[in-house]
Amino acid sequence: MTLHRHLPGARLAEAVVCNGIAWLAGQVPENLDADAQAQTANVLAQIDTVLRDLGSDKSQVIDATIFLADLADYNAMNAAWDAWVIPGQTPARATVQAKLANPDWKVEIKIVAAVSASKA
């Protein structure tokens, strides 16, 4: 078994890779004044970066869990999501309403993805 902690910090790693599967930490928006669609697009761009660092990409996403501070933002989040996913390569997904750690966050996304054997 191989285990790699990507960008480990004192509290969490940005991702943990084990046997070809990466579990990304929940990614949150940097654009705190933006609406839900823009915050979602920002989070998805961050996910793209972490996946690229791991030798993967959005076509390899297996599962996504999306946390929304308010389900009223569901359609706005989906607009950004639908622009990001690759048709025919959509992952399993769940979306829930949750009280997020920062009241300015409208969305947090947690991803599981396959990665290349060299990064596992």
Side-chain angles (χ1 to χ4, degrees):
M1 177 179 79
T2 60
L3 184 73
H4 166 71
R5 296 179 197 285
H6 178 68
L7 300 174
R11 183 164 288 146
L12 59 90
E14 283 300 313
V16 175
V17 180
C18 182
N19 295 335
I21 304 294
W23 288 263
L24 276 63
Q27 301 296 305
V28 296
E30 298 167 327
N31 52 346
L32 301 183
D33 294 331
D35 65 13
Q37 184 173 349
Q39 283 196 4
T40 302
N42 177 258
V43 168
L44 294 170
Q46 292 176 56
I47 289 168
D48 282 335
T49 298
V50 175
L51 290 173
R52 187 173 40 254
D53 288 349
L54 297 173
S56 188
D57 61 52
K58 62 187 170 185
S59 72
Q60 300 301 305
V61 174
I62 297 165
D63 181 65
T65 304
I66 301 173
F67 304 95
L68 290 175
D70 186 342
L71 283 178
D73 289 330
Y74 186 74
N75 290 335
M77 175 277 297
N78 272 328
W81 176 266
D82 292 345
W84 180 76
V85 294
I86 300 169
Q89 295 183 357
T90 53
R93 190 186 102 171
T95 304
V96 299
Q97 181 170 318
K99 185 172 182 175
L100 302 180
N102 182 328
D104 292 328
W105 296 340
K106 293 175 176 38
V107 62
E108 180 172 351
I109 302 177
K110 187 159 177 28
I111 294 288
V112 178
V115 298
S116 69
S118 65
K119 296 290 183 171

Working to the nearest 0.5 Å, report the span between [atom1] of [X] and [atom2] of [Y].
X    : Y    : atom1 : atom2 : answer
Q60  : D57  : CD    : CG    : 5.5 Å
L24  : K110 : CG    : NZ    : 7.5 Å
I21  : S56  : CD1   : OG    : 9.0 Å
L100 : N102 : CG    : CG    : 8.5 Å
W105 : Q27  : CH2   : CD    : 10.5 Å

Whether [X] side chain and [Y] backbone form a donor-acceptor pair below 3.5 Å:
X   : Y    : value
N42 : E30  : yes
T95 : I66  : no
N78 : W81  : no
Q39 : K106 : yes

Going by heavy atoms in the side chains, are [X] and [Y] under 4.5 Å from each other?
X   : Y    : value
L3  : V17  : no
L12 : E14  : yes
D73 : V107 : no
V50 : I111 : no
T40 : I109 : yes
T49 : Q46  : no

Please find the pair of heavy atoms, one from [X] and one from [Y], that lie closest to each other, and give the distance.
X   : Y    : value
A80 : L44  : O-CD1, 3.8 Å
L51 : K58  : CD1-N, 3.9 Å
I62 : A114 : CD1-N, 3.7 Å
R5  : A13  : CB-CB, 4.3 Å
Q97 : A69  : CG-O, 3.6 Å
V43 : V28  : CG2-C, 3.5 Å

Query raised in the report: Counting heavy atoms not belonging to D82, are there more than 12 under 6.0 Å from its CG?
Result: yes
Report task. Indicate if I47 and V115 have the same hydrophobic cluster label, given that clusters are the connected sets of ILVMFWY residues with side-chain heavy-atom separations under 4.5 angstrom. Result ->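 Shared cluster, yes.
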Query raised in the report: Among the clusters formed by ILVMFWY side chains lying less than 4.5 Å apart, do M77 and W84 turn up in the same one?
Result: yes
Query raised in the report: Got a sec, which residues hit side chain to side chain donor-acceptor pair (under 3.5 Å) with D104, two or more places apart in sequence or on another chain?
Result: none
**Report entry** Step-by-step side chain to side chain contact (heavy atoms under 4.5 Å, CB included) determination, V61 to V112
**Finding:** CA-CA 6 Å; V61 174; V112 178; over 6 Å; no
